[in-house]
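Shown next, in structure tokens, is the structure this report addresses.
What you are looking at is a predicted structure, and each value in this text was computed from that prediction instead of being measured.
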Amino acid sequence: PAFATISLSQPPSLNPQPQYSPATDCSPKPLTLSANASGTGLSYVWSGPNGFASQAANPVIPAASAATNGSYTVQVSNIFGCSASESVIV
């Protein structure tokens with residue numbers, strides 16, 4: 001008889017988080033988005049307000065302001081074609 005081995009892959013796990021500390025003089029400061037993902041051979045696609053898009057794991061918006069408030073979504077895919085998506089509100 002013939003046998004076949006089938007390997008199943010888990011989708012990536014992720015827990016996106018924003019990192020921002022307001023400036024004491026109210027000037028714009030960087031906003032860092034962190035995917036906090038784990039898995040094998042990951043790729044990232046971020047989207048957000050005002051046409052924001054990035055393929056970095058932890059993109060930085062250099063001068064965040066009220067215009068950058070909103071929902072940011074990250075889709076993470078692994079080398080096996082499995083993907084997961086989560087959003088974070090800033």
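Cluster partners of Val60, using a side-chain heavy-atom cutoff of under 4.5 Å among ILVMFWY residues and allowing indirect links: none. Applying the 4.5 Å side-chain rule to ILVMFWY residues, one finds Ile79 in the same cluster as Phe80.
Residues Leu14 and Leu42 share a single hydrophobic cluster, defined by chaining ILVMFWY side chains whose heavy atoms lie under 4.5 Å apart.
With sequence neighbours excluded, the residues forming a side-chain contact (heavy atoms from CB on, under 4.5 Å) with Ser87 are Ser71, Thr73, listed by chain and number. Checked against side chain to side chain donor-acceptor pair (under 3.5 Å), Asn15 has the following partners two or more places apart in sequence or in another chain: Gln17. Considering only residues two or more places apart in sequence or on other chains, Ala67 meets the side-chain contact (heavy atoms from CB on, under 4.5 Å) condition with Asn50, Ser65. Scored by the side-chain contact (heavy atoms from CB on, under 4.5 Å) test, Pro18 finds Leu31, Leu33, Val88, Val90 as partners (sequence neighbours excluded). With sequence neighbours excluded, the residues forming a side-chain contact (heavy atoms from CB on, under 4.5 Å) with Asn58 are Ser34, listed by chain and number.
The two residues Ser83 and Ser77 make their nearest non-hydrogen contact at CB-OG, 3.4 Å. Summarising the geometry of Pro59 relative to Trp46, their closest heavy-atom pair is CD-NE1, 3.3 Å, with the distance given to 0.1 Å.
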Run the side-chain donor-acceptor check on residues 21-30: report pairs under 3.5 Å with partners two or more places apart or on a different chain.
from  : atom 1 : to    : atom 2 : distance (Å)
Asp25 : OD1    : Ser27 : N      : 3.0
Asp25 : OD1    : Ser27 : OG     : 2.7

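Listed by first then second residue, pairs satisfying ring pair (Phe, Tyr, Trp, His ring centres under 6.0 Å) with a partner in residues 18-38 number zero, not counting sequence neighbours. Among residue pairs with one or both ends in residues 36-45, those qualifying as side chain to side chain donor-acceptor pair (under 3.5 Å) are Ser13-Ser38; sequence neighbours excluded. The stretch residues 51-77 participates, sequence neighbours left out, in these ring pair (Phe, Tyr, Trp, His ring centres under 6.0 Å) pairs: Phe52-Tyr72.
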